[in-house]
Each structure stands twice: as C-alpha cells, then as structure tokens.
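Because the structure is a prediction, the values reported are computed rather than measured. Chain letters run A, B, ... following the sequence lines, proteins first and then strands; every chain starts at 1.
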Number of protein chains: 2
Amino acid sequence: MATIQDVAAKSGVSVATVSRVLNGSPRVSPEARDRVRAAIEALGYHPNLLGRNLRRTESRMLLVVAASIENPFYAGVVQGIEAAAHREGYNALLCNTDRDLDREAIYLGMLDQRLADGAVLLSPQLDARAMERLDARHPLVQCCEYLDGAAVPHVTVDNRAAARDAVRYLAGLGHRRIGMIMARTQYAATRVRLDGYRDALDEAGIAHDPALVAYGGFDFENGRTAAVALLARPPAQRPTALFCVSDLVAAGAIRAAREAGLSVPADVSVVGFDDIEYATMGEPRLTTVAQPRPDLGRVAVEVLLRRLRAGAEGRSDGTAEPESIDLPHALRIRESTAPPRNAGPREGTP
Amino acid sequence: MATIQDVAAKSGVSVATVSRVLNGSPRVSPEARDRVRAAIEALGYHPNLLGRNLRRTESRMLLVVAASIENPFYAGVVQGIEAAAHREGYNALLCNTDRDLDREAIYLGMLDQRLADGAVLLSPQLDARAMERLDARHPLVQCCEYLDGAAVPHVTVDNRAAARDAVRYLAGLGHRRIGMIMARTQYAATRVRLDGYRDALDEAGIAHDPALVAYGGFDFENGRTAAVALLARPPAQRPTALFCVSDLVAAGAIRAAREAGLSVPADVSVVGFDDIEYATMGEPRLTTVAQPRPDLGRVAVEVLLRRLRAGAEGRSDGTAEPESIDLPHALRIRESTAPPRNAGPREGTP
DNA sequence: CGCGGGAGTGTAATGGATTACACGACCGAG
DNA sequence: CTCGGTCGTGTAATCCATTACACTCCCGCG
C-alpha cells in the first residue's frame, strides 16, 4: 500500500509537506495542498496509524473492561462510552473478563504495551491497591461499579438514595414486610443499596428484619433462588414486597413468585434496578430504578480524557481528591408494584 | 517508560539479543537470557507494541462489526469470537454501527489505517460490491447474517432448514393456519427463513396464505405491531400459530396476544428464533430455534485467520470459491407451543 | 540598499522494535 | 594445522509518520 513517501514523490513535495497537509497545518501553500490532495486521492493513500501512533506515543484507544460487555445493563453505558470516545477521536476497545482476574490482567496489560491510553472499568476484578498502582501509570476511571478504598475516580448514580427512593415508594404503598434481594459483591456501588433500603425502613418506622434480606448474585437464577427462600416463609411472615438488586434478579423473583402460586403484584410487589429493556418486555412490566446509562458512559470518558490530557502535559498532582461524579437516577413506576392485600395505600400520611 | 534500549544497556547486551529473548529465539546463551530477563524484571519493561506492530506491519487486532454488539443474540457469538481470537494471539475490537453506513465506514477504515488486520461482519451495512472490494485488500468474513451476492465467506446455520424444522413442528402439532412474522432485511440468512417456512407448509399440504405473513424488524415492538395485525383477523382466519424471525419478535407477539385477550399457547402457539437468555426468563418459556453461538464466532475467526495467513504468504488465488460454513442448529421445545384448540395432535400421521 | 522577519518548504532525527547480515570464537574433521 | 561450520552476538537498516531545525525567498521598513 502507498506510504507518505509515495504521496510526496507523486506530488513533487517532501514528506514534511504531505504530513502538514494531512494534519491541517496552515503553513502550506494552496497549490501544494491541492497537489498533495490529488496525489492522495490518486494513490488511495491512507496514513498508517501504526507509524503515526508510534511517533506520537499514543494509541487513541480506550479500554472498556467489564465482566460481560453483553450484559444488558451495560448496553447503554457502552453506547455512551463509544459515542463520547469517537467524538474526541478515540476508539473504544471492548473487553470481557468473565470475572476472571487473569483475563482482566491481560486486557489491562494492553495499557503497558501502549495499545491503549486509558481504561474505563465497569466491573473491576483487581483489588484497590493494584488499581491505584495501575492508575499511577495510566489514567483509569470506574463507571457504575467501583471499589471502596481505591483512590481512582468513579462515575455512578447515588445508589443509596436510589434504593431509598424505591423502598420508600413500597412503604408508601402500605407495605410493612419489605424484603431485599442483595448481591454478594465487592462493589461499594451495590453495597450501599442495602443502606438505602435501611434508610427507607427507618423513615417509615419499620423494624429491620435480617430474615427478609437474601444474598445472591445479579442474575435471573440467583434472583429466583433467593426469592424462593423468602417466599417459602409462612404467609404471616412472608414479605409482601421485594426490592431487588437488579432487573434480572427481579425477573427471577417474579418467576419464583409464580411458581409459589403467588401473583405479582397482587400478592407480592417486586421492584428491580437498572431498567434494562427486558423490564418492559415481560409480564408484568417491572417497576424499577433507571440509571442514565449513556450519560454514565459519556461522563466516564470525559473524566478519563481530562486526566489523560492533564497527564500528557506532565501534571500528576498526586494527592488531589479523585474527581468522582454522581448522576441523577429515576424511579420508573410500572405494573409489578401495588398496595399489599388487606391494606390500602396509606393516603393519610403526608 | 523503559525501552528495549534500556534493557539492553542494563543487561550488557545489544537490543538484538533482548529482542531474541523477547521472542523466544533459541540462538541466545542461557547466561544472556537470564541477564536480560533480570533486567526486564528490574525495569518493569513491557515491549511497546506500537513499535513491534509497525515493524511487523500487522496489528493483531480483529474488527467485530455489528449493528449493535449488545444485541442479546450476538452476546454468545462475540464471546466465541473473542475466545478464538485470544487463543491465536489476536484482540477483538468490538464496533457498533447502529445500522449507520457512515459509522460502519469509519470502523472499516481502520483496516486501511492498519489498526486492524481483518474483520468479522455480523450485520454488514455496505453493499456486496463494496464488501468485495474491501475484501480484496483485507480479509473479511460474514457471520450469522450475510449478503446474497457477495463473494466473501460466511459462517451461519442452515437457516432454511432451521425454519423448516420449526414450522414442521407446528404442523405436526396439528396447526393449519400458521403465520410468520418476517423482517424486512437485506440479509440472505434471514430471508431464506421464509423459504423454509414455505417448505414446511408444502410438506404438510397446507396452502400458502400471503395474508398470514407480516413484515417488520427484529425487535420487540416490531413483533408486537406485526402480531397485532395478524391476530386482529376474524377467529376463523386468525393464525393459531406464529413463527417469528427472532426471540424478541416472539416476545412482542406474546405481548400482542395477551393484549388481544388470547392466551399462549392455548389460543396461539409462538415460536422464536435465536434462543437468547430472555427466551427462558419470560412467561411462557419460548419454544425457539437455537444457534450454536460461540461456535459461529469461533469458526468465523478460524476462517478469517486462515485467510489472513494465506494472504500474508502472498497467496490470493482470486477466483477460488469462498469458504462458507453451515453449523448445526437445534429446535428447543418449551412452553409457548401446543396443539391448536379443537384439534389434537395428528398422531396418525407417520 | 540592507536587514529583520514571515511564509513555505525540505532535511534529518525521532519514536521502539525486528531482523538481515556480518563477525569473532570455537569445534571437529581431514 | 587448516578449513568449514555452528553458535552467540552485534551493527545498522527498516517499518511509517511527525516535527525540530534550517534554509530560501520575498516583502517592507528604515
């Protein structure tokens, strides 16, 4: 394939001038510019980015690392990341770790190999210290999920407030035995949802009952299994509402309720988290907490590029507070929630 | 960061020797090897792949281009692609076109810029000629969907046979008014499903009724809209079974049936295509045609790398038949299908 | 008329790794 | 002892584009 030398020869100028045309430098005469453009056209020349990137010592590639990029929740986030990256002239390299620390290490190794300039971590597997060490060499940003102790910026919603809103809504419908299906996880973003759940119970003057909190994972089967246990309790102790840590878990809970002969929402209300597409496809449509997914991705990229550029100019202040951002969430009320049987909504409460 | 020069200096050998150690050449004395390894360790050296790739004139990167990578159907395919690519020392760069020809062009442009060595196309937007022209410069392979006239290899299931199996099963249950919800599409892989549907009707001696075939897209809403139209017909002309071009369309059809006061499968049987995770999460669980998704991805990469290597050795035979491959599919019978009301299964037919 | 300075262009160094070729040391065969 | 060959290693060219620096014109001002 043609190189910049070929273009230079064909248009009768030096490679420097061709390069200047390529990069839009103003110090080129219109005639030279035209001749170079014509030669590029005639030769079907495309700059070899391997050469350019080597010279510029950057790859203009951003890593997007997640347990599973295809997880429906991440769909919109990734879209936001890609769009923002392209707008800034970067490409996004999507990486699936399948929660495997080694696979993640391979991907993050691309930073040291200069195949990528920075990374957005959607579900980090490494520990906080390792993340900080890596971040000292190459800018990182955590998005949606993040590790508690790591001094690496993160972009999320206020998960505690989001959970509080969801459970407050259930309490407002008149529910008193509200269960929660949590996930066992290292992520602070998820763990504080339990705090939000408790906040709302406190507000409503409902005593905490640890037996109403079940722990599993984020998936359909996890949700189903956890819900089976909670719904197997005697009717007087059985929760009349379940707040679930994800929409997939909520779908599992609905399946469990059906299998237990209970109807949703008449016998049990179910609230999810994430607002994935599936939430409106199943029956009943899911009440859930929506996160601004494309925005989460977009802002994460903005933070990352800000750091990348700051670093390129030699600044690495070190101890400055990492720039972390919360974006607004929203409770979407649909058909999987209703007042409990034998207890209308508490209209009287202000 | 440390370069190969630094390692050479620190270990008292030349860069050539360091490079040989890096690449596992046997022509290095054990002592030199050890010293180099120690220096690499001490300096925390990682080879700069921008330099290596420039020198080798390859990027070891494979493009994976789809309308939407996050589409649940592609999840497993992408997983297969990634796994196979890594096994061969390649990275997969996932690209979303959102069905936008321009965005696709930008991604495919990365081939000419040498940021990627080849591409797997999951839902090509360009036309057959353009694809062939591009393929002449850089190896491509189509996976799952493919264009009719393009002399570019593809890896799929036998979509016609798969559709035939699904509809044959419905006919076997005793259905005679079997509708199909198709997608308007440029893809041959999808279009031949209509042929398979007709094959099965012919086999069962059922006359074709064009009014029973509706056209839409691949999504939930498309499926719902199309099904609303088919199910609005008077009961005697209404289809008792619907074969849908995708699981999402089938989900939409089920929603439409419910809204029309019909129950699935008692009043209408519904069959999907793809067997995405959602197929077993909803109610009822979906009868559908499963594709071996990771295998489709794996084989696509194998074909691609075969071509890449052949091309690297200077061979480009030109007019040889493109290597296209069909992988086996499977009908998964679940709960969304049953014999029609007022007509038991046709047990007597052999 | 001489000189400072900007515009336009070219030469060559540079980024980091790979590898063809060359060279010296050393071995065994004749 | 000499020659051919292997082994280990180094030098320098190479991949392709960017850019610091130098240079030539040419203009306008004093």
Roughly how far, to the nearest 0.5 Å, is the CG atom of A:L296 from the CG atom of A:L122?
-> 9.5 Å

Scan A:N53 against the nucleic acid and name what it touches under 4.0 Å (heavy atoms): base, sugar-phosphate only, or nothing.
-> nothing

Do A:E58 and A:N53 get their side chains close enough for a donor-acceptor pair, meaning under 3.5 Å?
-> no

Does the C:dT18 base have a donor-acceptor partner in the side chain of B:R52 within less than 3.5 Å?
-> no

Heavy-atom closest contact (B:V13 atom, B:V18 atom, distance) = CG2-CG2, 3.8 Å

Per nearest nucleotide of DNA chain C, the residue lying toward the 5' end, A:P26 or A:V15, is A:P26

Has the side chain of A:R20 got a donor or acceptor atom sitting under 3.5 Å from an opposite partner on the base of C:dG10?
-> yes

Separation of A:L50 atom CG from C:dT14 atom C1', in whole Å?
-> 17 Å

Would you say C:dT18 has OP1 or OP2 under 4.0 Å from some side-chain N or O of B:R56?
-> yes

Are the side chains of B:L111 and B:L140 in touch, meaning some heavy atoms are under 4.5 Å apart?
-> yes

Does a salt bridge link A:D117 with A:R60, judged by any charged N lying under 4.0 Å from a carboxylate O?
-> no

Scan A:V18 against the nucleic acid and name what it touches under 4.0 Å (heavy atoms): base, sugar-phosphate only, or nothing.
-> nothing

Below 4.0 Å: OP1/OP2 of C:dG15 and any side-chain N or O of B:T3 | no

Partners passing side chain to side chain contact (heavy atoms under 4.5 Å, CB included) against A:E145 (at least two apart in sequence or in another chain) | A:Y74, A:Y187, A:A189, A:T190, A:F218

Would you mind reading off the distance between A:R114 atom CZ and C:dG15 atom P, rounded to a whole angstrom?
-> 13 Å

In whole angstrom, what separates B:L54's CG from C:dT19's P?
-> 12 Å

Starting at atom CZ of B:R27, determine the distance to atom C1' of C:dA25, rounded to an integer number of angstrom.
-> 14 Å

Nearest-Å distance, CD1 (B:I4) to P (C:dG16)?
-> 11 Å

Between atom CG in A:L115 and atom P in C:dA17, what is the gap in whole Å?
-> 12 Å

Take the protein atom CG of B:N23 and the nucleotide atom C1' of C:dA17, then report the distance between them rounded to whole Å.
-> 9 Å

Gap between atom CD of A:Q142 and atom CG of A:L304 - 0.5 Å precision | 12.0 Å

Select from B:G51 and B:E31 the residue whose nearest nucleotide in DNA chain D is closer to the 5' end of that strand.
-> B:E31

A:S19 near the nucleic acid: base, sugar-phosphate alone, or nothing, with a heavy-atom cut-off under 4.0 Å?
-> base

So, for B:G297 and B:I81, which heavy atoms are closest and what is the spacing to 0.1 Å?
-> CA-CG1, 3.4 Å

Under a criterion of less than 4.0 angstrom to any heavy atom of chain B, what are the 5'-terminal and 3'-terminal contacting nucleotides of DNA chain D?
-> D:dC7 to D:dC16

Gap separating the CZ atom of A:R56 from the CG atom of A:L49, nearest 0.5 angstrom = 8.5 Å

Which word best sums up how the rings of A:Y146 and A:H154 line up, parallel for under 30°, tilted for 30 to 60°, or perpendicular for over 60°?
-> parallel

Describe, as an angle rounded to 10 degrees, how the axis at the first end of the helix from C:dC1-D:dG30 to C:dG30-D:dC1 is tilted relative to the axis at the last end, five pairs per end.
-> 50°

